[in-house]
Amino acid sequence: MEDYEGSKVLTALKALFGAVIGALPGVAIWIIFGKLGFITLVSGMAIAMGVVFLCSFFVGDSDLSPLVLLIICGVVFITAILISEKIVWTMEMSDLLSEYLPTFREKMIDAIIAENPDISRTDADGMITDDLYNQLFTETFGIKEATFGECFSNFGTLLENLEMKGKYISSLVKSIVFGGFGGFVFFAKIM
C-alpha cells in the first residue's frame with residue numbers, strides 16, 4: 001500500500017514538473033505580447049496547451065485521478081499567468097523609471113531653487129550628492145535603482161508608491177479572464 005501511495009505522489013510530482021515545463025513557452029509568448037501592449041487568447045491557449053500536453057506526457061498512462069491532474073494543471077496555469085503579468089509590468093515600470101531619472105533630478109533641482117530662490121541652477125545641481133539623490137529616489141519609489149531585478153523584488157511597494165495597485169489588479173483580472181478563456185477554448189477543442 002505504501003508503494004502504491006508513493007507511486008501516486010511521484011506521479012503527481014512528475015505531473016507538476018511536466019505542467020511547469022510546459023507552461024514556459026506560453027509564458028514567453030505572454031511576455032512578448034504583453035511587452036507589445038496587448039493580451040491575446042493565443043497566449044492563454046499556449047500556456048494551457050503546454051501545461052496539458054507536458055503534464056500528460058510526463059504522467060503517461062498512470063492511474064492518477066483526472067481531478068488531481070486538473071487541479072495541478074489549473075494551479076500551474078493560473079500561476080503562469082500571474083508570473084507572466086508581473087514580469088510584463090515590471091519590465092514596463094523599470095523602463096519608465098529609467099526614462100524618468102533625468103526628470104527626477106530636475107525636479108530635485110527645482111525643489112531646491114523653490115526653497116532657496118537666490119541659488120543658481122548649477123549650484124542647486126551641485127548640492128545634490130549621490131547619497132542625497134539615492135535617498136530621495138528610494139523614499140519616493142521604494143527601490144534603490146530602476147533595474148528589472150530591483151523593481152521585481154519590490155513590486156508591491158513600487159505599485160503603491162506609483163499609486164498603480166488598482167490598475168495592476170484590474171489588468172491582472174483581465175489577464176486571467178483572457179488567459180482563462182483561451183485555456184477554455186483549448187480544452188473545449190480537445191474534449
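- At a threshold of 4.5 Å between non-hydrogen side-chain atoms, the residues I81 and I47 count as touching.
- In this model, a donor atom of one side chain and an acceptor atom of the other lie less than 3.5 Å apart for N154 and E150.
- Counting heavy-atom neighbours within 6.0 Å of E139 CD, excluding the residue itself, gives a total above 12.
- In this structure, the side chains of K107 and Y100 come closer than 4.5 Å at one or more pairs of heavy atoms.
- The main-chain N or O of A146 is found under 3.5 Å from a side-chain atom of S94 such that the two form a donor-acceptor pair.
- F104 and L132 end up in the same hydrophobic cluster when Ile, Leu, Val, Met, Phe, Trp and Tyr side chains are linked at under 4.5 Å.
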Full working for side chain to side chain contact (heavy atoms under 4.5 Å, CB included) between F148 and I87:
CA-CA 9 Å; F148 176 84; I87 289 171; 4.2 Å; yes
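- The two residues M93 and F155 make their nearest non-hydrogen contact at CE-CE1, 3.2 Å.
- L136 and Y133 fall within the same hydrophobic cluster, defined by Ile, Leu, Val, Met, Phe, Trp and Tyr side-chain heavy atoms under 4.5 Å apart, directly or through other members.
- Heavy atoms only, all atoms of each residue included: V51 and A19 are closest at CG2-O, 3.6 Å.
- At distances below 3.5 Å, at least one donor-acceptor pair connects side-chain atoms of T79 with backbone N or O atoms of V75.
- A cation-pi contact links K86 to F152, judged by a cut-off of 6.0 Å to the six-membered ring centre and 45° from its axis.
- A salt bridge links R121 with E106: at least one charged nitrogen is closer than 4.0 Å to a carboxylate oxygen.
- Between C151 and I143, the shortest heavy-atom contact is SG-CD1, 3.8 Å.
- Between M91 and I31, some side-chain heavy-atom pair lies under the 4.5 Å cut-off.
- L96 and L158 are assigned to two separate hydrophobic clusters, defined by single-linkage of ILVMFWY side chains at heavy-atom distances under 4.5 Å.
- Side-chain contact between S175 and W30 is present, with at least one heavy-atom pair separated by less than 4.5 Å.
- Two residues are said to be in side-chain contact when any heavy atoms from C-beta on lie closer than 4.5 Å; V52 and F77 fail this criterion.
- Here the straight-line distance linking atom NZ of K144 with atom CD of Q135 works out to 13.0 Å at 0.5 Å rounding.
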Applying side chain to side chain contact (heavy atoms under 4.5 Å, CB included) to L159 and K167, what does each step give before you reach the verdict?
CA-CA 9 Å; L159 279 177; K167 190 173 180 180; over 6 Å; no
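- T11 is listed as a side-chain neighbour of S7, based on a closest heavy-atom distance under 4.5 Å.
- Residue T90 holds its OG1 atom at 10.0 Å from CD of E85, rounded to the nearest 0.5 Å.
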Steps toward side chain to side chain contact (heavy atoms under 4.5 Å, CB included) verdict (N161, T140)
CA-CA 7 Å; N161 289 344; T140 303; over 6 Å; no
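- When every heavy atom of I113 is checked against every heavy atom of A124, the shortest pair comes out as CG1-CB, 3.9 Å.
- Qualifying ring pair (Phe, Tyr, Trp, His ring centres under 6.0 Å) partners for F33, counting only residues two or more places apart in sequence or in other chains: F38.
- Neither I176 nor I71 shares a network with the other; the hydrophobic side chains, linked directly or stepwise wherever heavy atoms of I, L, V, M, F, W or Y lie under 4.5 Å apart, form separate groups for each.
- Cluster note: L24 groups with F17, I21, L54, F57, F58 through ILVMFWY side-chain heavy atoms spaced under 4.5 Å, whether in direct contact or through intervening members.
- Scanning both residues, S84 and V27, for their nearest heavy atoms gives OG-CG1, 3.3 Å.
- Under a 4.0 Å N-O distance rule, the pair D95/K35 qualifies as a salt bridge.
- Using a 4.5 Å heavy-atom cutoff, the side chains of N134 and E145 are not in contact.
- Linking Ile, Leu, Val, Met, Phe, Trp and Tyr whenever their side-chain heavy atoms come within less than 4.5 Å puts I29 and L36 in one cluster.
- The CZ atom of F137 sits 11.0 Å away from the CE atom of M108 when rounded to the nearest 0.5 Å.
- Residue C55 comes nearest to C73 through the heavy atom pair SG-SG, 3.7 Å, listed as atom of the first residue, atom of the second, then distance.
- Counted within 6.0 Å of NZ on K165, heavy atoms from surrounding residues, nucleotides or ligands total 12 or fewer; the atom is thus considered open.
- Distance check, rounded to the nearest 0.5 Å: OG1 of T103 to CG of L97 gives 11.0 Å.
- Counting heavy atoms from C-beta on, the side chains of I128 and I112 come closer than 4.5 Å.
- Going from atom CD1 of I72 over to atom CG of L16 covers 6.0 Å, rounded to the nearest 0.5 Å.
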